[in-house]
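A quick write-up on the structure given underneath.
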Amino acid sequence: MNKSQQDKYEAYFTGKKVAVVGYGSQGRAHALNLRDSGYNVVVGLRPNGATWKRAEQDGFKPATVAEAVKGADLVAILCPDMAQPAVYKESVEPNLKKDAAVLFAHGFNVHYGQIAAPAGVDVVLVAPKAPGALVRRQFEEGRGVPCLVAVHQDATGNAKTAAYAYAHGLGGTKAGVIETTFAEETETDLFGEQAVLCGGVTELITAGWETLVEAGYQPEVAYFECLHELKLIVDLIYEGGFARMHEFVSETAKYGDLTRGPRIVDARTKEQMKTVLEEIRSGAFAKEWIAEDKANKPHYNQLLQKDLDHPIEKVGKELRSKMAWLQASAKEASAGQAKEDERKLAAAGSKT
Ligand code: NDP
Ligand code: MG
């Protein structure tokens with residue numbers, strides 16, 4: 001990014017008001033980063049909600065969503081995806097300034113037709129590719145996390161500038177901004193979390209751990225092998241791709257990787273991935289999840305409980321309690337994400 005672009009983004013929100021609706025994982029990080037970037041931020045929340053106090057503790061004067069939206073030039077909708085349509089309909093749209101911008105951090109509701117803004121309003125996406133706690137931490141360390149930016153509706157002619165200026169305030173331009181569409185962001189984000197990041201990886205870990213334990217090996221040894229060490233490997237891949245990982249593991253590990261890996265994740269896995277992607281693209285996944293949420297998540301809660309009751313969780317808890325540095329980083333994170341998770345879990349009667 002050149003200096004004149006930087007100046008343009010830094011000047012864009014001068015004299016403008018940004019409303020951040022929701023103060024959870026993303027909301028807190030966005031509100032704090034934008035405020036530290038000099039933007040005028042108002043946090044909009046439910047008055048009796050758990051995060052109202054947290055916003056106050058961070059020095060904000062939270063307002064109701066309706067009050068926060070009034071007069072705002074940009075409204076960032078950062079409450080949970082399943083809550084957004086009702087919040088938008090009841091409190092955002094009736095109070096929107098006529099040439100305001102509405103911003104999302106994930107395209108779900110716009111892409112699947114759950115939220116449609118009036119014609120005079122800009123609709124943009126700034127999706128940081130990291131959990132909220134990291135969006136904040138990287139910013140505090142003078143860095144940023146990469147952001148995806150998209151424009152769904154450009155009513156004023158300024159939609160793209162507004163989105164870039166917002167990403168700039170988050171620290172995103174330091175790490176890189178990639179232009180995308182709501183469709184691409186939504187579909188790839190859902191696919192990534194289902195097939196690889198959350199769904200795929202936990203199933204891979206669990207299957208590996210079970211295989212060792214069922215064969216008679218100590219659960220603790222299996223835990224270190226199949227879960228704990230994953231971080232070390234992922235860190236290397238993150239820093240320098242497969243090449244860097246290969247540099248650091250032994251020749252024997254590499255030979256095993258190259259010959260056995262493709263037998264574990266094989267053509268059938270890829271076929272399943274294609275099916276999962278198709279469910280996302282057709283809207284079948286969105287429809288299923290919206291219905292599950294409306295029914296108070298019976299299936300979701302049951303599956304979540306099953307995951308949490310798995311013996312690997314018990315072994316992990318004991319082993320992690322001996323690693324002091326993990327306790328320290330968990331504490332640090334709890335200032336942000338973990339507290340919110342605990343609260344959500346308590347509300348759902350289970351844990352994430
Ligand atoms: P959270 O679940 O952390 O949001 C919780 C916040 O929303 C709380 O402040 C809560 O307030 C508020 N909230 C909940 N319901 C309502 C309501 N009905 N009215 C007003 N406020 C409400 O959300 P996330 O940060 O996880 O997600 C926000 C958006 O960011 C989503 O679109 C998500 O897809 C996207 N995203 C999330 C990422 C992440 O890391 N989590 C990564 C990238 C994008 P209260 O205290 O009252 O309950
Ligand atoms: Mg799983």
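We count ligands from 1, going down the list as the structure has it; atoms in each ligand are counted the same way. We're numbering straight along the sequence, starting at 1. Values in this document were obtained by computation on a predicted structure and should not be read as measured data.
Annotation: G27 places no N or O atom under 3.5 Å from an N or O atom of ligand 1; distance criterion only.
Using a cutoff of 4.0 Å between basic side-chain nitrogens and carboxylate oxygens, D122 and K160 are not scored as salt-bridged. Look at D266 and K270 and you find no salt bridge, because none of the NZ, NE, NH1 or NH2 atoms lies under 4.0 Å from a carboxylate O. Using a 4.0 Å cut-off between charged side-chain N and carboxylate O, R137 and E140 make no salt bridge.
Remark: distances from the non-hydrogen atoms of A86 to ligand 1 are all 4.0 Å or more.
Distances from atom 29 (C) of ligand 1 to the heavy atoms of A83, G22, C79 put C79 nearest. With L190, D81, V92 as candidates, the residue nearest to atom 31 (C) of ligand 1 on a non-hydrogen basis is D81. In this structure, of E90, R46, K129, R28, the residue bringing a heavy atom nearest to atom 47 (O) of ligand 1 is R46.
Classified by interplanar angle (parallel below 30°, tilted 30° to 60°, perpendicular above 60°), the ring pair F13/Y39 is tilted. The aromatic rings of F224 and H228 sit perpendicular to each other, their planes meeting at more than 60°, with 30° as the lower class boundary.
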inquiry  = If you apply the rule side chain to side chain contact (heavy atoms under 4.5 Å, CB included), what do you find for M82 with W289, and how did you get there?
reply    = CA-CA 9 Å; M82 291 301 119; W289 172 219; 3.2 Å; yes
Does the side chain to side chain contact (heavy atoms under 4.5 Å, CB included) test come out yes or no for N109 and Y88, once each step is laid out? CA-CA 10 Å; N109 285 304; Y88 177 80; over 6 Å; no
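Residue-ligand proximity, L45 to ligand 1, at heavy-atom distances under 4.0 Å covers atoms 9 (O), 11 (O). Close approach of ligand 1 to Y23 is summarised as follows: ligand atoms under 4.0 Å from at least one heavy atom of the residue are 6 (C), 8 (C), 9 (O). Heavy-atom contacts of G132 reach the following atoms of ligand 1: 40 (O) (cutoff under 4.0 Å). Remark: ligand 1 atoms within the under-4.0 Å shell around heavy atoms of P128 are 43 (C). Of all atoms in ligand 1, numbered sequentially from 1 with element shown, those under 4.0 Å from a heavy atom of H106 are 32 (O), 34 (O), 35 (C). Here is the list of ligand 1 atoms found below 4.0 Å of a heavy atom in V87: 17 (C), 18 (N), 19 (N). Interface atoms of ligand 1 facing S25, defined by a heavy-atom separation under 4.0 Å, are 3 (O), 25 (O), 26 (O), 39 (C), 40 (O), 41 (N).
Both I233 and F248 are members of a single hydrophobic cluster when ILVMFWY side chains are connected at heavy-atom separations under 4.5 Å.
Within the 4.0 Å heavy-atom criterion, both parts of T51, backbone and side chain, lie near ligand 1. Within the 4.0 Å heavy-atom criterion, the part of Q84 lying near ligand 1 is the side chain and not the backbone. By the criterion of a heavy-atom distance under 4.0 Å, neither the backbone nor the side chain of A127 is placed next to ligand 1.
Enclosure of atom CD in E251 is not indicated, since only 12 or fewer non-hydrogen atoms of other residues, nucleotides or ligands lie within 6.0 angstrom.
For R54 and Y23, the positive end is not near the middle of the six-membered ring at less than 6.0 Å and at most 45° from its axis.
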